[in-house]
Trainee: 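Pasting a structure here, questions to come.
Owing to the predicted nature of the structure, the values given are computational and were not obtained by experimental measurement. Scope of the values below: all heavy atoms of this structure, side chains included, with no hydrogens, waters or symmetry mates.
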Amino acid sequence: QVKLVESGGGLVQPGGSLRLSCAASGFSLDDYAIAWFRQAPGKEREGVSCISRFNGIKLYSDSVEGRFTISRDNAKNTVYLQMNNLKPEDTAVYSCAAEKRPPRSCTMGRPISSYDRWGQGTQVTVSS
């Protein structure tokens, strides 16, 4: 079955850290750039980070720049989002999406439904 599955979410206190994983099954991530999105209750989904096929390009939204780090391990067919110094406003459902792009490019500004594949998401709650 072809799918993306996110994991690693949970409840964390402000200032804490989590590492999210986006694992592909049924296809290889080698040909795909990956973007992470999040959607908080009552808000529109926003792109927070993306990574090109071979780690060359990494982009972040202003709201997470300096706190989040995206990476990928193509051998494990997985992309990660390391989230440090988490804030209550980071509370959201986080989803990953894959799209075929040239080797050194990625995007995170389009609707998630325009990507080739996307997962169901994992909940991140930042609260004391």
Trainee: Compare every heavy atom of S52 with every heavy atom of P103, then report the nearest pair and how far apart it is.
Mentor: O-CB, 3.3 Å

Trainee: Side chains of C106 and I34, heavy atoms from C-beta outward: is any pair under 4.5 Å?
Mentor: no

Trainee: Quick one: does V79's side chain get under 4.5 Å of I70's, heavy atoms only?
Mentor: yes

Trainee: Heavy-atom distance under 4.5 Å between the side chains of I112 and Q39, does that happen here?
Mentor: no

Trainee: Please check if the side chain of T91 supplies one atom and the backbone of V126 the other of a donor-acceptor pair under 3.5 Å.
Mentor: yes

Trainee: Taking only residues two or more places apart in sequence or in another chain, which ones pass ring-ring contact (aromatic ring centres under 6.0 Å, His included) with Y94?
Mentor: none

Trainee: Treat each ILVMFWY residue as a node, draw an edge where side-chain heavy atoms are under 4.5 Å apart, and state whether V93 and L86 are in one component.
Mentor: no

Trainee: Is R53 paired with D30 through a side-chain N to carboxylate O contact shorter than 4.0 Å?
Mentor: no

Trainee: Does one side chain, of T107 or Y115, offer a donor that lies under 3.5 Å from an acceptor on the other?
Mentor: yes

Trainee: Taking the side chain as every heavy atom from C-beta outward, state whether W36 and F68 have any pair of such atoms under 4.5 Å apart.
Mentor: no

Trainee: Quick check: does any side chain N or O of D116 sit under 3.5 Å from a backbone N or O of K100, one acting as donor and the other as acceptor?
Mentor: yes

Trainee: Would V2 end up clustered with Y32 when hydrophobic side chains under 4.5 Å apart are linked, directly or stepwise?
Mentor: yes

Trainee: For E99, enumerate each residue passing the salt bridge (Lys or Arg N to Asp or Glu O under 4.0 Å) test, keeping only those at least two apart in sequence or located in another chain.
Mentor: R101, R110

Trainee: Provide the closest heavy-atom pair for S127 versus P14 in the form atom of the first, atom of the second, distance.
Mentor: C-CD, 3.6 Å

Trainee: Identify the heavy atoms of W118 and A97 that sit nearest to each other, and give their distance.
Mentor: CB-CB, 3.9 Å

Trainee: Are S63 and S61 linked by a side-chain donor-acceptor pair shorter than 3.5 Å?
Mentor: yes

Trainee: Without swapping roles, check the side chain of R72 against the backbone of A33 for a donor-acceptor pair under 3.5 Å.
Mentor: no

Trainee: Answer whether the closest heavy-atom distance between the side chains of R38 and V124 falls below 4.5 Å.
Mentor: no

Trainee: To the nearest 0.5 Å, tell me how far L11 CG sits from S128 OG.
Mentor: 9.5 Å

Trainee: Backbone N or O of Q120 within a donor-acceptor pair of the E6 side chain at under 3.5 Å?
Mentor: yes

Trainee: Could you tell me if the side chain of L4 sits less than 4.5 Å from the side chain of L29, heavy atoms only?
Mentor: yes

Trainee: Could you go through residues 15-26 and list every donor-acceptor pair under 3.5 Å that involves a side-chain atom there, pairing it with any protein atom two or more places apart or in another chain?
Mentor:
residue : atom : partner : partner atom : Å
S17     : OG   : N84     : OD1          : 2.9
S25     : OG   : Q1      : O            : 3.4

Trainee: Report yes or no: do V12 and V48 belong to one cluster of Ile/Leu/Val/Met/Phe/Trp/Tyr joined by side chain heavy-atom distances under 4.5 Å?
Mentor: yes

Trainee: Considering only heavy atoms from C-beta outward, does the side chain of F27 approach that of N77 to under 4.5 Å?
Mentor: no

